[in-house]
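When a residue number appears, it is its place in the shown sequence, counting from 1.
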Amino acid sequence: MKDNRKNNFKIGVNGLLILCGGIFFYYILFHSDKLSALVKGFFSVMTPITAGLVIAYILNPIMRFIETKLLTPAWNKIKKQKDHTYSKEAKVIRYTSVFITMIVFFAIIYALFMLLIPQLVANIQSILGRIPVYFATLNDYYSKILTRFPDLDNLLQEYNENVTQWFYNKILPFFEELISKTSTSLVGSVITLFRGVVNFIIGVIISIYLLSDKEKFAAQCKKVFYAFLKKDTANNFLNNLRYSDKMFGGFITGKLIDSIIVGIICYIGMLIMNLPYSVLISVIVGITNIIPYFGPFIGAIPSAFFILMVDPKKCLIFIIFILILQQFDGNILGPKILSYSTGLNSFWIIFALIVFSAIFGVVGMFIGVPVFAVIYSAFRTLINKRLALKHMPVDTQYYIDYDFDPGSNDNERNSGKDFRFADKTFSKISEEPYEDDAGSGMDTK
């Protein structure tokens with residue numbers, strides 16, 4: 001009787017899930033706009049919480065260093081005690097570590113604003129102020145071309161009326177509309193900026209709570225995993241989370257340190273060579289250096305253009321300097337800071353950058369490679385486990401030149417070298433006689 005009730009309950013639950021899935025599928029098909037608005041609203045509400053998680057994740061290594069390397073040894077020397085994991089002293093040390101971490105965090109932000117913003121504004125104003133000079137240079141260049149090629153002047157005079165009409169009918173209305181949209185969106189930009197500041201402040205407050213009781217939050221998550229998953233599944237899931245944290249956190253932290261050093265070296269080098277816009281270009285080069293593979297090119301192209309408008313010779317010097325700097329970073333500095341690699345070749349790096357930037361925009365370019373490295377590693381582990389269950393080798397090298405021989409009975413050991421492989425399937429087919437020649441005993445060999 002109890003078994004029948006359990007079976008009926010499972011059937012009812014499955015039927016309810018199928019019905020809910022059908023309703024959800026119908027809603028996606030015919031009300032996708034409402035669903036999209038609902039998802040956007042949800043992520044908008046979650047923005048300060050997400051910001052708090054990100055800030056806490058970034059500041060956790062700093063707090064851990066202050067707590068374990070500075071405050072705890074100092075406290076042990078003063079009190080001459082070693083074990084205070086759950087004592088009041090541990091809470092005092094933790095809260096003090098969080099407080100010092102936040103001071104360091106805001107000090108870095110303040111220093112960046114005070115050191116970089118005035119220089120950036122001055123450089124941008126210099127670029128805007130040189131626009132008339134750029135146009136005068138282009139005008140001189142245009143006059144020299146017309147002097148050397150008078151036929152071109154006659155041709156342009158023929159189309160002068162059409163060009164003028166096209167300018168007034170197309171170009172002017174376009175810029176008028178652009179200015180109108182810009183002035184309209186200015187209020188929206190101010191509101192967005194204010195909302196971003198509020199979300200940042202709330203995120204900082206949330207990160208303080210997360211850093212103060214991070215072990216408690218981690219333990220609560222473990223309880224949920226063990227409550228709803230099998231023990232082995234929960235353990236595997238936790239190990240995968242730890243691996244993801246090592247891969248993602250180590251990559252992001254290492255890339256941030258590497259990019260800061262590259263930006264400082266770029267600034268010092270540009271000062272020594274007396275290149276213009278040193279602060280602005282160093283910031284651009286340092287930020288874009290976080291992006292793997294394409295980052296150096298993304299930062300160097302607009303920077304070289306800025307210098308080209310001032311002096312073409314200095315632009316060439318800057319390009320050579322950036323090439324040398326990127327070689328130094330890619331072959332010496334980067335490998336020293338990033339003690340391990342993501343394990344992805346160039347194709348998968350490009351793939352991750354394209355896909356994640358298309359989905360998440362600029363943020364996707366920064367986080368795409370480490371996130372995809374975690375996904376790639378998980379999928380590789382799954383494939384290797386499936387092959388191991390079939391007593392087949394997991395080394396990719398065995399699958400380059402050979403197919404697995406299904407006729408082999410040597411399936412007791414999981415060592416690829418002990419397996420017998422057949423030649424490639426297509427090679428075997430090409431060596432067999434054609435069907436028409438098989439009956440007559442003819443062979444293609």
Side-chain angles (χ1 to χ4, degrees), residues 108-109 111-148 171 175 178 182 255-337 346 349-350 353-354 357 361-366 369:
I108 292 173
I109 294 177
L112 289 175
F113 271 92
M114 290 298 102
L115 293 175
L116 296 180
I117 296 300
Q119 293 290 331
L120 291 175
V121 171
N123 288 338
I124 293 173
Q125 288 177 347
S126 175
I127 293 173
L128 295 177
R130 293 185 65 89
I131 289 179
V133 180
Y134 301 154
F135 278 108
T137 305
L138 289 175
N139 189 28
D140 293 339
Y141 184 70
Y142 171 72
S143 301
K144 291 179 182 178
I145 291 177
L146 292 182
T147 304
R148 294 181 60 184
I171 300 299
F175 278 103
L178 181 63
T182 303
K255 263 296 181 181
L256 286 174
I257 297 173
D258 176 62
S259 299
I260 292 172
I261 296 175
V262 167
I264 293 173
I265 295 175
C266 180
Y267 176 71
I268 295 173
M270 293 186 69
L271 285 180
I272 294 173
M273 292 180 288
N274 195 25
L275 298 178
Y277 311 127
S278 56
V279 175
L280 177 63
I281 292 175
S282 299
V283 172
I284 294 174
V285 170
I287 292 176
T288 55
N289 192 71
I290 302 176
I291 303 173
Y293 203 81
F294 290 122
F297 303 101
I298 295 174
I301 292 174
S303 302
F305 177 76
F306 291 151
I307 300 177
L308 178 64
M309 295 293 101
V310 178
D311 191 340
K313 292 182 180 179
K314 290 185 177 181
C315 176
L316 180 61
I317 295 174
F318 170 76
I319 293 174
I320 296 173
F321 170 67
I322 285 295
L323 289 176
I324 296 173
L325 178 60
Q326 293 303 329
Q327 290 298 317
F328 167 74
D329 177 47
N331 297 310
I332 300 176
L333 181 63
K336 290 291 184 181
I337 296 176
S346 299
I349 291 176
I350 296 173
L353 289 173
I354 292 174
S357 62
V362 178
V363 177
M365 299 186 71
F366 290 96
V369 172

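Taking the side chain to side chain contact (heavy atoms under 4.5 Å, CB included) definition, one finds that I268 meets it with I264, I272, sequence neighbours left out. Residues passing the side chain to side chain contact (heavy atoms under 4.5 Å, CB included) test with I354, sequence neighbours excluded: I350.
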side-chain contact (heavy atoms from CB on, under 4.5 Å), that's the test. Do I307 and M270 meet it? Break it down for me. CA-CA 11 Å; I307 300 177; M270 293 186 69; 4.1 Å; yes
Verdict with reasoning, F305 to C315, per side-chain contact (heavy atoms from CB on, under 4.5 Å): CA-CA 8 Å; F305 177 76; C315 176; over 6 Å; no
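I322 CD1 to I320 CD1: the interatomic distance, rounded to the nearest 0.5 Å, is 11.5 Å. Summarising the geometry, atom CD1 belonging to I324 is positioned 12.5 Å from atom CD1 belonging to I319; distances are rounded to the nearest 0.5 Å.
For the pair F321/C266, a side-chain contact is recorded, criterion being any heavy-atom separation below 4.5 Å from C-beta on.
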Can you list, pair by pair, the side-chain donor-acceptor contacts under 3.5 Å of residues 279-287, counting residues two or more places apart and other chains?
{"from": "S282", "atom 1": "OG", "to": "Y267", "atom 2": "N", "distance (Å)": "3.1"}
{"from": "S282", "atom 1": "OG", "to": "S278", "atom 2": "O", "distance (Å)": "2.6"}

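Distance alone, capped at 3.5 Å, is enough to place a donor-acceptor pair between the K314 side chain and the N274 backbone.
The one candidate from N289, I290, T288 that meets the side-chain contact (heavy atoms from CB on, under 4.5 Å) condition with V262 is N289.
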